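One structure is given below, encoded as structure tokens.
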Amino acid sequence: MPIRNAEIAEFFKKVADLLEIDGANPFRVRAYRTAVRTISSLGHEISELIAHKDLTNLPGIGKELATKIKEIVATGRLSKLEELEKRIPPELHQVLKLPGLGPKKVKVLYDQLNIRSLPELEKAARREKIRSLAGFGKKSEERILEEIEQRGQGKERIQWIVGEKVAASFIEYLTAQPSVKQIDMAGSFRRRQETIGDLDILVSCDTPAQIMALFIRHEDVQRVIAQGNTKSSVILRGGMQVDLRVIDSQSYGAALHYFTGSQLHNITLRRLARQMGLKINEYGVFKEEQRIAGQTEADVFAALKLPFIEPELREDRGEIQAARQGRLPELVTQDDIRGDLHCHTDETDGHHSVEEFARAAAQMGYEYIGITNHSQHLRIARGLDPEGVKNLIKKIERLNQKLDDIVIFKSMEVDILKDGTLDLPDSILKELDFTICSVHSDFRLPRQTQTERLIRAMDNPYFTILGHPSGRLINQRAAYAVDLQRLIAAAAERGCIMELNANPDRLDLDDVHCKIAKEFGVQVAISTDAHWLGHLSYMRLGVNQARRGWLEAKDVLNTRGVEELRKYFRR
DNA sequence: GCCGTTTTCGGCCCGACTGTTTTCAGTCG
């Protein structure tokens with residue numbers, strides 16, 4: 001079984017950790033971390049690229065790392081890592097993960113007290129052996145014990161939609177202060193990442209000290225990590241971290257850009273600035289000592305002779321180069337969306353009638369809605385048998401006569417069975433406008449078998465959209481083993497469509513594969529998979545993800561009108 | 001260890017906060 005990108009990245013992650021503890025050149029460490037990032041976000045399997053592509057064309061991969069990748073792919077081992085592990089215990093990397101302990105301190109703990117694991121660290125701290133080490137004191141010893149106790153609590157990245165509620169509460173709370181002139185969310189939240197580690201809030205106001213004091217008194221704050229004149233950090237009950245940064249109006253745009261990140265985007269942009277003889281920091285763009293931009297983000301980009309780059313693109317995945325070459329995508333927006341093609345009604349496991357869904361969709365300004373109930377194989381959802389489907393088709397046809405401001409598409413979410421056949425006979429499928437075909441069973445097939453199962457399903461002429469293509473549930477269940485890129489290529493050949501399921505637990509396709517679908521010319525259908533009317537609003541989450549995947553309106557199926565859709569449905 | 005419109009060597013993003021210090025190193029984002 002060929003080695004996966006995630007495994008190659010894991011090798012380099014370990015090397016970076018151990019090199020850091022070893023006191024290696026920090027830029028060398030960074031090179032390994034850059035490679036981890038490049039490899040993880042690739043979307044293509046390196047083990048497949050390796051035969052016909054020069055790996056040094058990948059950003060951050062040079063001759064040395066290319067050689068090491070080849071070694072890993074060929075042997076499943078990395079001699080560099082094995083050599084490091086002889087000198088430095090590999091378990092030390094869990095000590096390194098503890099907040100407040102970096103490579104230098106971990107090294108001291110290991111050299112002086114032979115601490116190589118968290119239990120050993122805890123024991124030493126309880127015996128008050130750490131406070132006397134150089135660079136440590138009573139407070140750092142207490143902090144270590146505190147962090148060990150809290151480890152695992154609320155450290156998981158949270159879904160964007162959960163962050164959205166907390167963000168709204170802080171914005172409302174701080175905006176009530178009249179001295180606040182500008183306020184924005186920054187960080188991964190603003191980049192609309194599917195999960196976020198913390199929340200970053202940026203404020204400009206006349207009374208920084210007062211805002212800081214107000215901030216740490218928010219009712220959800222459990223513990224204050226840091227409090228300064230311009231920057232404070234707190235932990236909320238439940239474990240989420242929130243950072244507040246206060247900045248002058250004249251630097252607001254530069255700070256918003258800086259705190260929006262991503263870090264790698266910032267590094268690449270700063271490197272570009274240096275090449276132009278400029279310097280960027282959170283206070284502005286500087287030529288010599290003089291600030292030449294900073295009030296708005298657009299000013300900052302303009303100073304670097306770049307058009308505005310949308311926050312969702314700022315991941316150092318080629319957006320800066322695209323901006324320089326004037327080929328940034330014009331990202332799809334919620335306003336471009338003309339309908340929702342995936343919802344479940346009370347015929348099966350949904351909680352509202354077809355008519356209720358249709359009227360709700362019309363009220364949202366949609367032109368159409370697709371009713372996609374489960375098929376018979378999915379017993380737990382009371383999936384429909386052929387007779388049930390026929391009845392539903394009749395009901396929808398009657399409603400289409402009655403309602404004149406919305407088109408209801410006759411559809412089903414059809415199970416893809418273990419052998420790749422579909423769960424309803426063609427004689428029924430041909431009566432539908434389109435199908436969503438999904439995997440709800442046999443998640444654990446080997447990668448190649450799973451991939452071929454899905455391609456076989458696509459061979460059915462009535463297959464339209466592949467539902468939640470990877471099957472992953474965020475923070476709950478990994479994707480099933482499947483070669484998504486091969487599926488996308490197969491979809492391109494057959495005129496099939498990939499779903500971007502907008503349910504906050506799914507967001508499936510992910511951003512990387514949206515971009516690959518676009519490169520293959522495969523349409524993406526952004527759908528909510530609604531079981532309640534309220535779920536129809538998940539569309540915004542799907543649009544967020546699509547934007548992160550560089551999709552434009554023309555790449556998204558449901559930005560098209562009814563007649564154009566029918567052409568796609570006919571393949 | 002990577003990279004090059006100035007460079008194949010010598011740089012590599014940049015600043016805030018904390019704790020342990022008597023002027024700063026380490027950590028973090």
Side-chain angles (χ1 to χ4, degrees), chain A residues 12 15-16 19-21 23-38 55-69 80 95-109 130-144 147 186-189 191 196-202 208 212 224-234 241-247 251 254-255 257-286 300 304-305 316 320 324:
Chain A
F12 287 168
V15 171
L19 279 176
E20 211 167 20
I21 297 169
N25 177 348
F27 297 105
R28 200 166 149 221
V29 177
R30 184 192 290 171
Y32 277 94
R33 298 211 191 282
T34 305
V36 168
R37 182 80 204 316
T38 297
L55 296 180
T56 62
N57 287 334
L58 298 172
I61 307 290
K63 226 177 116 190
E64 279 294 315
L65 287 177
T67 308
K68 290 188 168 68
I69 291 172
K80 172 86 187 171
V95 182
L96 189 62
K97 282 205 184 104
L98 211 67
L101 291 186
K104 297 281 164 53
K105 295 203 160 175
V106 169
K107 180 87 159 46
V108 171
L109 290 168
I130 288 172
R131 57 181 67 188
S132 51
L133 296 175
F136 291 83
K138 189 158 176 280
K139 278 202 171 177
S140 40
E141 191 175 76
E142 286 164 1
R143 168 107 195 264
I144 286 171
E147 291 292 351
S188 53
F189 181 81
R191 299 199 312 280
I196 56 177
D198 61 8
L199 285 176
D200 300 289
I201 308 172
L202 184 69
M212 287 300 177
V224 178
I225 303 179
Q227 188 189 3
N229 293 327
T230 64
K231 186 179 168 184
S232 296
S233 297
V234 298
Q241 180 170 335
V242 185
D243 298 339
L244 175 66
R245 185 73 192 245
V246 180
I247 196 99
S251 294
H257 176 266
Y258 171 69
F259 288 107
T260 297
S262 66
Q263 208 179 357
L264 283 168
H265 168 90
N266 288 352
I267 288 172
T268 302
L269 204 67
R270 284 173 182 202
R271 192 179 297 143
L272 174 65
R274 289 176 65 94
Q275 284 166 10
M276 298 168 71
L278 303 172
K279 187 179 90 166
I280 309 179
N281 58 28
E282 57 258 59
Y283 300 105
V285 182
F286 294 85
V300 172
L304 300 169
K305 302 196 175 4
D316 198 27
I320 292 169
R324 294 182 80 176

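What you see below is based on every heavy atom in this structure, not just the backbone, and it leaves out hydrogens, waters and symmetry mates. Per chain, numbering begins at 1; letters A, B, ... match sequence-line order. Because the structure is predicted, anything quoted here is derived from the model rather than measured.
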For atom [atom1] of [X] and atom [atom2] of [N], their distance in whole Å:
| X | N | atom1 | atom2 | result |
| --- | --- | --- | --- | --- |
| A:Arg37 | B:dC13 | CZ | P | 16 Å |
| A:Ile69 | B:dC2 | CD1 | C1' | 13 Å |
| A:Ile267 | B:dG11 | CD1 | P | 19 Å |
| A:Lys231 | B:dC28 | NZ | P | 11 Å |
| A:Arg274 | B:dT6 | CZ | P | 15 Å |
| A:Phe136 | B:dG26 | CZ | P | 10 Å |
| A:Asp243 | B:dC28 | CG | C1' | 10 Å |
| A:Leu96 | B:dT27 | CG | P | 8 Å |

A:Lys68 to A:Phe12, cation-pi by 6.0 Å centre distance and 45° axis angle: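 The answer is no, since A:Lys68 fails at least one limit relative to A:Phe12.
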Applying a 4.0 Å non-hydrogen cut-off, can you work out what [X] is touching in the nucleic acid: base, sugar-phosphate, or nothing?
| X | result |
| --- | --- |
| A:Pro26 | nothing |
| A:Leu269 | nothing |
| A:Asp198 | nothing |
| A:Asn281 | sugar-phosphate |
| A:Lys107 | nothing |
| A:Gln263 | base |
| A:Lys80 | nothing |
| A:Gln227 | sugar-phosphate |

Determine whether more than 12 heavy atoms belonging to other residues, nucleotides or ligands lie under 6.0 Å from atom [atom1] of [X].
| X | atom1 | answer |
| --- | --- | --- |
| A:Arg131 | CZ | yes |
| A:Lys104 | NZ | no |
| A:Asn57 | CG | yes |

Could you check which of [options] has an atom nearest any side-chain atom of [X]?
| X | options | value |
| --- | --- | --- |
| A:Leu65 | B:dC14, B:dT27, B:dC2 | B:dC2 |
| A:Arg270 | B:dC13, B:dG1, B:dG15 | B:dC13 |
| A:Lys139 | B:dC13, B:dG15, B:dT20 | B:dT20 |
| A:Glu64 | B:dG15, B:dT27, B:dC2 | B:dC2 |
| A:Phe27 | B:dG29, B:dA16, B:dC12 | B:dC12 |
| A:Ser140 | B:dG1, B:dG15, B:dT20 | B:dT20 |
| A:Ala31 | B:dG1, B:dC17, B:dG15 | B:dG1 |
| A:Pro99 | B:dT27, B:dA16, B:dC28 | B:dC28 |
| A:Thr230 | B:dG1, B:dA16, B:dG26 | B:dA16 |
| A:Arg271 | B:dG26, B:dG29, B:dC13 | B:dC13 |

If only side-chain N and O atoms of [X] are considered, is one of them under 4.0 Å from the OP1 or OP2 phosphate oxygen of [N]?
| X | N | value |
| --- | --- | --- |
| A:Lys138 | B:dT20 | no |
| A:Tyr283 | B:dC13 | no |
| A:Arg245 | B:dG29 | no |
| A:Lys279 | B:dG15 | yes |

Give me the distance, rounded to whole Å, that separates [N] from [M] when you measure between the [atom1] atoms they each carry.
| N | M | atom1 | value |
| --- | --- | --- | --- |
| B:dC2 | B:dT8 | C1' | 12 Å |
| B:dG11 | B:dT6 | C1' | 12 Å |
| B:dG4 | B:dC13 | P | 14 Å |
| B:dG1 | B:dT5 | P | 23 Å |
| B:dG26 | B:dT21 | P | 12 Å |
| B:dT20 | B:dC28 | P | 15 Å |
| B:dT7 | B:dC12 | C1' | 13 Å |

Do any N or O atoms from the side chain of [X] and from the backbone of [Y] form a donor-acceptor pair under 3.5 angstrom?
| X | Y | value |
| --- | --- | --- |
| A:Thr38 | A:Pro59 | yes |
| A:Asp243 | A:Asp200 | no |
| A:Ser188 | A:Arg191 | no |

CG-CD1 distance between A:Leu304 and A:Ile320, expressed to the nearest 0.5 angstrom: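 The CG atom of A:Leu304 sits 9.0 Å away from the CD1 atom of A:Ile320.
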Of A:Leu133 and A:Asn25, the one whose closest DNA chain B nucleotide lies more 5':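 It is A:Asn25, whose closest nucleotide lies nearer the 5' terminus.
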5'-most by nearest nucleotide on DNA chain B - A:Met276 or A:Lys63: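 Looking at DNA chain B, the more 5' nearest nucleotide goes with A:Lys63.
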Watson-Crick or G-U wobble mate for B:dT8, both contacts under 3.5 Å: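 Across all strands, not a single nucleotide pairs with B:dT8.
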Check: B:dG29 base within 3.5 Å donor-acceptor of A:Tyr258 side chain: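 Pair found.
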Short N-O contact, A:Arg33 and A:Glu20, less than 4.0 angstrom: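 Result for this pair is yes, salt bridge flagged.
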